[in-house]
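Data block below; observations after.
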2 protein chains.
Amino acid sequence: MSTGSTGGTVSIKEVAARAGVSPGTVSNVLNRPHKVAAETRTRVEKVIRELGFVRHGSASTLRAGHSRTIGLSVIDIGNPFFTDVAAGVEDVASDLGYAVILGNSSGDHAKEERNLRVFAEQRVRGLLITPSGEDPARLDAIRDRGISLVLVDHPAHRSDQCSVAVNDITGGRTAADHLIAGGAARLAYVTGPLTIRQCLDRMTGAGQAVAAAGLDPVAGLEVVEMPAMNARAGQRAAEKMVAEGRLPDAIFCANDLLALGLLRGLLQAGVRVPDDVALIGYDDIDFAAASAVSLSSIRQPTYKLGRIATELLLDECDNPESHAHQQIMFQPELVARESTRRDR
Amino acid sequence: MSTGSTGGTVSIKEVAARAGVSPGTVSNVLNRPHKVAAETRTRVEKVIRELGFVRHGSASTLRAGHSRTIGLSVIDIGNPFFTDVAAGVEDVASDLGYAVILGNSSGDHAKEERNLRVFAEQRVRGLLITPSGEDPARLDAIRDRGISLVLVDHPAHRSDQCSVAVNDITGGRTAADHLIAGGAARLAYVTGPLTIRQCLDRMTGAGQAVAAAGLDPVAGLEVVEMPAMNARAGQRAAEKMVAEGRLPDAIFCANDLLALGLLRGLLQAGVRVPDDVALIGYDDIDFAAASAVSLSSIRQPTYKLGRIATELLLDECDNPESHAHQQIMFQPELVARESTRRDR
DNA sequence: CGCCACGGCTGGCACGTTTTAATGAACGCC
DNA sequence: GGCGTTCATTAAAACGTGCCAGCCGTGGCG
């Protein structure tokens, strides 16, 4: 522990005075050490340590015109999918000296708007966003403000923008194919709002699989749309389907939270999984493997999504000339477990 | 959508010019609207909208001497416990116009240090921290810098500081009592590093229960210390205990992630839960109820923890005089499920 | 009628940093 | 020995906002 008991805050000026140099030199020590004579540099660094000086980020941002923070706007921080993404983001950002400002929209459009405003006020260097709705104009407005943008889990609709996504149509088709291969002829798709692109794409993929298998495109895929995408909504969906007495052969859930809730609801109602109904989720969150009946799912490279998105973003920020915009699309992967075991 | 196509950034000065007032008046409109005549105010507000002006947070921070951001330092953002806390924090902060900067230490002391440095650079108004180790001096150093501090999930050791915690000793005792009441005589405690206070306290509580039940204080509570507190560590603990062939009557895990991993490991090894071994976790995360054998646990008011911590912090920031420091201690609650069912 | 009070607004300085042009010192070269 | 060159450092001007002192005009009161 050093002597830095200055009580308040210590500025570059005080460091300069104590080290017998000008403030400019201290600034150089901080930002362009190579431009400073070795002896001077070590002397200044010593004073910095002694005084416990830490650079005033706001002053720096104000002068430099840009900050060392990025914004991360997600739809539901309670969903392990986004948590994994956030972990990837945080790791990369932290390594490169950036701070991450977290914004959780809870699917609420107004709240997302408010978060974006906060990001704008903070003059974040860049923004990672999982847009909750289709609204290109709003995103363009942000870009016009000079804030770099990378779409996370959402393909870009223009080539001058980075995005990192996973093919949800393929994922939906893979899931439905798997269920059909297991012998299901009547499928249900339990989803969140279909205004969410992911939900819609996964449905599209499932529809393709149903059609390709020669099943009835309407009766073959019943769609159950819930207002939320958490475990509670899944449980309610189960209760609803059981109450209405029309259970399909197999159920595909738009994410694992829905699937886990649904699973619980089915089991409580005495429905056996996979014997009575097969079940598959989406995301392959950690808890999918540990559930009552281990849950089949579609795995996405979540952590990697966060890492790569952040790398793209910071590359765009730090090397604006050499940066090449990329739209990266990963392919999801089937993870078959007990909930779709076919030996029935 | 307004006409705000200024391309770059628009300052208070331009707003002032366009509205025919001085910059000071615009500042007043933003910060002390009541000091401005209604007519002038609406005119300025109109221009603000038209130009798409958004306040430069850094300039504001620099001048005002404090920012509208708070730091949140957690140990593992992948743990639903912390996610719930973060959700509570985000909700309150967002409501009061504060931005949350997220720092995830992953239990890494150096990384936590680095995050604290970033927080200091950003001149966060306050800091919510779940300290990963006992190091009061470091926290005091932060307070000396004038940054308000609220300890989350950790009782304060001094009365001039706010903290929000849950009684872990009680929780540990409750868990062990429950296992003993179920007929267990030989308990094991599977935990993360005992340098973590929570792990230690829960062990202390369990030890009290063992002693109170008249069991052997040594043989009655075997301690298995793992380097991490996630599902993987839990699974490894199970494999280890099974391999060594000495399974206790009941296992108490320091958190649900460990317990879920352990549960999976036990089931894979053919050990029946609760028939062969009873199992209880800690935190009562959402997924505890949905696991293979639904998991008994100790519930903590997680979301509330985050909310109240943030409310205390922002009260301390915004009303420094009237603020009364509080050390809040919640009591945890037993949630009994299948994994400790006693009819064996 | 003169004076004061007050509401409403303006002007300008300060916050801490970065950056650019200028300054000084040291040095080799014609 | 003067001169250009290089290197290390300095002085000063921004960046956009918040705050304070002060200005002006109006209206009430003695």
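Letters A, B, ... are given to chains in the order of the sequence lines, protein chains preceding strands, and every chain is numbered from 1.
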Which whole-number value in Å describes the distance from [X] [atom1] to [N] [atom2]?
| X | N | atom1 | atom2 | result |
| --- | --- | --- | --- | --- |
| B/Leu62 | D/dT17 | CG | P | 12 Å |
| A/Asn28 | C/dT18 | CG | P | 9 Å |
| A/His34 | D/dT9 | NE2 | C1' | 15 Å |
| B/Asn31 | D/dC19 | CG | C1' | 10 Å |
| B/Arg68 | D/dT17 | CZ | C1' | 15 Å |

If you check the [X] side chain, which of [options] turns out closest?
| X | options | answer |
| --- | --- | --- |
| B/His56 | C/dT18, C/dT19, D/dT17 | D/dT17 |
| B/Leu30 | D/dG18, C/dG8, C/dT17 | D/dG18 |
| B/Ser11 | C/dT18, D/dT17, C/dC15 | D/dT17 |
| A/Val21 | C/dT10, D/dC15, D/dT10 | D/dT10 |
| B/Lys13 | C/dT17, C/dT20, D/dT17 | D/dT17 |

Using OP1 and OP2 only, check whether a side-chain N or O of [X] sits under 4.0 Å from [N].
| X | N | answer |
| --- | --- | --- |
| A/Arg32 | C/dT19 | yes |
| B/Ser22 | C/dT10 | yes |
| A/Ser27 | C/dT17 | no |
| B/Thr40 | C/dC9 | yes |
| B/Arg41 | C/dG8 | no |
| A/Arg55 | C/dT18 | yes |

Say whether, by atom type as modelled, one donor and one acceptor occur between the side chain of [X] and the main chain of [Y] under 3.5 angstrom.
| X | Y | result |
| --- | --- | --- |
| B/Thr310 | B/Gly306 | yes |
| A/Asn31 | A/Ser27 | yes |
| B/Glu14 | B/Ser11 | yes |

What does A/Ala64 touch in the nucleic acid at a heavy-atom separation under 4.0 angstrom: a base, only the sugar-phosphate, or nothing?
nothing
Categorize B/Val26 for me: base, sugar-phosphate, or nothing, with a 4.0 angstrom heavy-atom threshold over every strand shown.
nothing
Side chain of A/Arg63, base of C/dT18: donor and acceptor closer than 3.5 Å?
yes
Which is more 5' along DNA chain C, the nucleotide nearest B/Thr25 or the one nearest A/Ala59? Just name the residue.
B/Thr25
Does A/Gly57 or B/Lys35 map to a spot on DNA chain C nearer the 5' end, using the closest nucleotide for each?
B/Lys35
Is any NZ, NE, NH1 or NH2 atom of the basic residue among B/Glu113 and B/Arg138 found under 4.0 Å from an Asp or Glu carboxylate oxygen of the other?
yes
Charged N to carboxylate O under 4.0 angstrom, B/Arg49 versus B/Glu45?
no
